[in-house]
Amino acid sequence: MKTFLTHYECSACQATYEPEGLKTLCPACGKPLLARYDLDAARAALSRAELARRGKSLWRYRELLPVDDEAAIVSLGEGMSPLLQAPRLAQRLGLRHVWVKDEGQLPTGSFKARGLAVAVSLAKRHGVSAVAIPSAGNAAGALAAYAARAGMQAVIFIPADAPAINKVECLAAGAQVFFVRGLINDAGAMVAKGTARYRWLDVSTLKEPGRIEGKKTMGYELVEQLGWDVPDVIVYPTGGGTGLIGMWKAFAEMERLGWIGSKRPRMIAVQAEGCAPIVRAFEAGREESELFEGAATVAAGIRVPKALGDFLILRALRESGGAAVAVSDREIVAAVETLFRLEGIFAAPEGAATVAALERLVARGEIGKDERVVLFNTGSGLKYPGVVEKSAPTLEPDADYTPLLDAELGA
């Protein structure tokens with residue numbers, strides 16, 4: 001299997017490392033490592049026409065991923081999530097072009113399948129037998145599934161108040177699961193402690209380079225689905241921010257490959273008001289965020305009080321001319337219903353947060369009516385059955401329901 005991987009580079013100090021062997025954080029400064037490729041050679045060898053002939057999974061971009069052995073690939077068919085037009089939502093907001101990239105249709109029901117597919121494949125390539133993760137929910141479920149697929153042991157630390165379905169996923173897949181009375185950063189400290197003792201591979205966000213490489217394929221797919229063009233605006237729910245960082249990396253790679261020009265979308269990071277460290281740092285002009293105390297939000301996936309790659313998120317926002325927006329839980333829950341009723345897309349709260357953010361941006365005049373906007377729904381609303389509470393009448397088998405229906409219809 002051909003990969004154009006040449007080396008790994010530290011995202012902070014720019015130290016470089018040979019591609020051989022399993023990589024974690026930069027030994028020099030402890031910051032995330034990024035995979036780098038010979039993009040000139042890739043440009044000569046790989047064309048957009050060739051991609052069009054390949055299967056509809058993220059592995060269609062295999063030359064631009066760090067796994068060099070096809071036998072090591074651990075796949076559940078991840079990638080090529082649909083890019084759905086949202087004309088009724090657009091009309092409601094006074095816009096002409098809105099799409100939803102629906103990652104909720106991927107294996108395990110979220111975009112976490114992308115990063116964990118590549119991370120677990122890299123782990124398998126290097127003979128790893130046990131992987132560990134702290135997770136707010138969907139990453140835990142994805143790791144449990146991919147580790148099971150690979151025949152590895154998964155060790156998972158997940159907040160005790162994480163969505164129930166995520167916890168069931170992990171247990172049903174045979175993972176070793178621990179519920180933590182705390183947040184994801186508390187779970188992360190436990191993984192770090194256990195890794196030193198038990199020699200697990202820690203696949204936390206950005207602590208190894210595979211997850212960002214899997215997530216960057218969202219950028220490749222989006223551009224390909226838009227006819228090799230970039231949108232004007234990307235609105236993205238941001239916790240650890242791996243997907244936002246990965247897409248920003250993907251756009252730079254695609255320009256070097258000759259697949260797109262120099263135009264970039266404005267990147268909008270969306271957080272919940274109850275956990276908005278990136279928004280605070282962006283508004284204060286800081287290069288890194290501070291720990292967000294007392295983090296709480298219905299959108300469990302973006303309840304990340306302090307992201308390891310915060311400096312990379314903030315850099316991408318500023319380089320793109322983008323912004324960071326915080327929305328309330330009330331707005332998020334309302335947006336879940338809005339998107340479902342208008343477009344039939346049952347979004348996770350994190351994905352629905354992008355709808356709420358778009359409403360704010362339009363109201364503030366920061367989105368032009370002719371701009372092309374892509375919202376990322378990062379997971380299926382089916383994983384959060386308690387977020388939208390509704391009820392309906394219960395009828396006896398021989399009941400006359402017409403009075404109820406007449407009342408509803410105003411008859």
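These values consider heavy atoms only, across backbone and side chains, with no hydrogens, waters or symmetry-generated copies.
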Steps toward side chain to side chain contact (heavy atoms under 4.5 Å, CB included) verdict (I133, R211) | CA-CA 12 Å; I133 197 171; R211 286 182 66 179; 3.5 Å; yes

Residue Q91 excluded, over 12 heavy atoms near CD under 6.0 Å =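 No.
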
Got a sec: does the CZ of R286 have more than 12 other heavy atoms crowding it under 6.0 Å?
->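 Yes, because the 6.0 Å sphere around CZ of R286 holds more than 12 heavy atoms from other groups.
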
List the steps, then state whether salt bridge (Lys or Arg N to Asp or Glu O under 4.0 Å) holds for R315 with E287.
-> CA-CA 7 Å; R315 185 185 302 169; E287 294 185 3; over 6 Å; no

Side chains of [X] and [Y], donor plus acceptor under 3.5 Å:
| X | Y | result |
| --- | --- | --- |
| N185 | K306 | no |
| D329 | T297 | yes |
| W200 | Q153 | no |
| Y384 | E350 | yes |
| E224 | Y61 | yes |

Check [Y] with [X], please: is the shortest side-chain N to carboxylate O separation under 4.0 Å?
| X | Y | result |
| --- | --- | --- |
| E213 | K216 | yes |
| K383 | E169 | yes |
| R181 | D186 | no |
| E371 | R96 | no |
| R303 | D161 | yes |
| R266 | E366 | no |
| E78 | R114 | no |
| D232 | K263 | yes |
| E221 | K101 | yes |
| R53 | E50 | yes |

Please find the pair of heavy atoms, one from [X] and one from [Y], that lie closest to each other, and give the distance.
| X | Y | result |
| --- | --- | --- |
| G240 | V304 | N-CG2, 3.8 Å |
| V67 | S121 | CG2-CB, 4.0 Å |
| I184 | A136 | CD1-N, 3.6 Å |

Taking the six-membered ring of F179, is the NZ or CZ of K167 close enough (under 6.0 Å from the centre) and on axis enough (within 45°)?
-> yes

Using the benzene-type ring in the case of Trp, are the ring centres of Y8 and Y17 under 6.0 Å apart?
-> no

